There are 2 protein chains.
Amino acid sequence: MNSKPIGVFDSGIGGLTVVHALTQRLPHENIVYFGDTARVPYGPKSPQVVREYAAQDVDFLISKDVKMVVIACNTVSAVALDVVQKHAKMPVIGVIVPGAMAAVKATTKKRVGIIGTRATVNSNAYTNAVRQLDGEVQVFAQECPLFVPLAEEGWVDHKVTDAVATEYLFPFKQEKIDTLILGCTHYPILRRAISAALDRAVALIDSGEATGVEVERVLDEKGLRNPSKQRPNLQFYVSDIPAKFAEIGERFLGQRMGRVQKAEGF
Amino acid sequence: MNSKPIGVFDSGIGGLTVVHALTQRLPHENIVYFGDTARVPYGPKSPQVVREYAAQDVDFLISKDVKMVVIACNTVSAVALDVVQKHAKMPVIGVIVPGAMAAVKATTKKRVGIIGTRATVNSNAYTNAVRQLDGEVQVFAQECPLFVPLAEEGWVDHKVTDAVATEYLFPFKQEKIDTLILGCTHYPILRRAISAALDRAVALIDSGEATGVEVERVLDEKGLRNPSKQRPNLQFYVSDIPAKFAEIGERFLGQRMGRVQKAEGF
């Protein structure tokens, strides 16, 4: 039993969809969230730079005395999981392996698609994780750089977003996938448009939800659950506070956020 | 006469359109370019963070012994011109005032539109500059956050870009502007789509081109022109080198770039 908070970090605002998944599954856990809004997005950056920033991000969470670290950012999970593990000296969970596990479980025809940022797709992290779990699964990947700005613009039900989704996802129709991993925390916001651009039977895997399952398993395995049944304390820190963080954040989190604090040192 | 290079900086790749304008107008000037590709984009960041980054960017150019500084980034020109001037102790030219001057000269009905990032539009820098030059001009501003990712995705002739332009620029039809300032260095890449979404007679002002005119004037005024008639030396530095910088850069620059170097200290 341990009442310390779970630390969650992301390159920006998208990781709030992972916080949402955690609060649904683990409603009594305290959470400290850090979003590196000064340096978002990580997706187009080089692995070297992402690794450097990830080390700084996890150091911030450690300074907040967290009991475990969740890397909500797919890009960081893909290229810097080892860096975070080395810094943290406590349980660390990225979103890649839980997402891959859920996809392998869901696919019946063993044909899985993955969408993500350029960095995530180029890293082949999901492809490797899926194929390590089941070498018979065929994996098809597609980078979708416009999905993040569309989600941040709030064009969720919009013909432009539908047209972009149709263009990006068209290859998956030909490849006849039956499961698609949403390999970026922004993408669950666009679930409707993504689904509409695919064959009807394709299962969508939200890596954030899958990560919630894994976090619960690790908390139980290590005896780290919060014994309190009180309403938990959710704290939000960002490296920069543009006006739109508050405006957009609640759409991602699915609830009111309260005060957002500026993290020092960024 | 002075053969030292002109220093140009931007948040990323977009400033290469300004370098293009400079090489057209001043074909014998040496240029050192710095793009802060590790921390791009500046548009959604707070003024405080943009000012901090701008100071670091100009310090890098000073370390390269430049004779003048051109702020190719509209966001920096809008919110941090004073910071750069304070650091540089040499002539500094931002893109806002030259763009505003060109617009005031072009408008016949005294109705000017401005498009830019959220930070540029929220700063009111163009509006203030235009109205300081001519208090009778009415100014209408519109932020266009999706234009930068569309330009970087290379969707220049694409129905999605046309649809986005139509949606963003529709208010300008009602406001009957006759001149539009392209208040972001990425936007000249999308000139065709932007023009198609406006009434035919609307004049487009490329702030980069207008800045070239002003740079030439200042070089002459201060006696800083390069006496050499040789082919100039163009040097490109970035704070991060994602693969796509080289891929996209030449489209913005309009010529081959040669080697791109990693700037230390970012």
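Note on naming: letters A, B, ... go to the chains in the order of the sequence lines (proteins, then strands), and numbering restarts at 1 for each one. These figures come from a predicted structure and were not determined experimentally.
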Handout entry: Inter-chain contacts: residues 144-156 of chain A against chain B, heavy atoms under 4.5 Å
Key = A:Pro145, A:Leu146, A:Pro149, A:Leu150, A:Glu153, A:Trp155
Practice task
For residues B:Arg39 and A:Tyr53, report the shortest heavy-atom separation together with the two atoms involved.
Solution key: CG-OH, 3.7 Å
Problem - Heavy atoms from other residues, nucleotides or ligands near CD of B:Glu175 exceed 12 (cutoff 6.0 Å) - result: yes
Practice task
Enumerate by number any residue of residues 161-170 of chain A whose heavy atoms lie under 4.5 Å from heavy atoms of chain B; in the absence of such residues, state 'none'.
Solution key: A:Ala163, A:Val164, A:Glu167, A:Tyr168
Problem - Other residues, nucleotides, ligands: >12 heavy atoms within 6.0 Å of A:Gln261 CD - result: yes
Practice task
Take atom NZ of B:Lys86 as the centre, draw a 6.0 Å sphere, and report whether it contains more than 12 heavy atoms from other residues, nucleotides or ligands.
Solution key: no
Problem - For the student: nearest non-hydrogen atoms of B:Ser46 and A:Ile241, plus distance - result: CB-O, 4.4 Å
Problem - Option that, when pairs with chain A are counted at under 4.5 Å, heavy atom only, ranks first among B:Val40, B:Val49, B:Asn122, B:Thr37 - result: B:Val49
Completion exercise
Residue from B:Glu52, B:Lys159, B:Arg118 scoring the most non-hydrogen pairs under 4.5 Å with chain A is B:Arg118
Exercise for the section: Measure from the side-chain N and O atoms of A:Asp240 to the backbone N and O of B:Lys45, and report whether any donor-acceptor pair falls under 3.5 Å. Expected result: no
Practice task
Determine whether more than 12 heavy atoms belonging to other residues, nucleotides or ligands lie under 6.0 Å from atom NZ of A:Lys262.
Solution key: yes
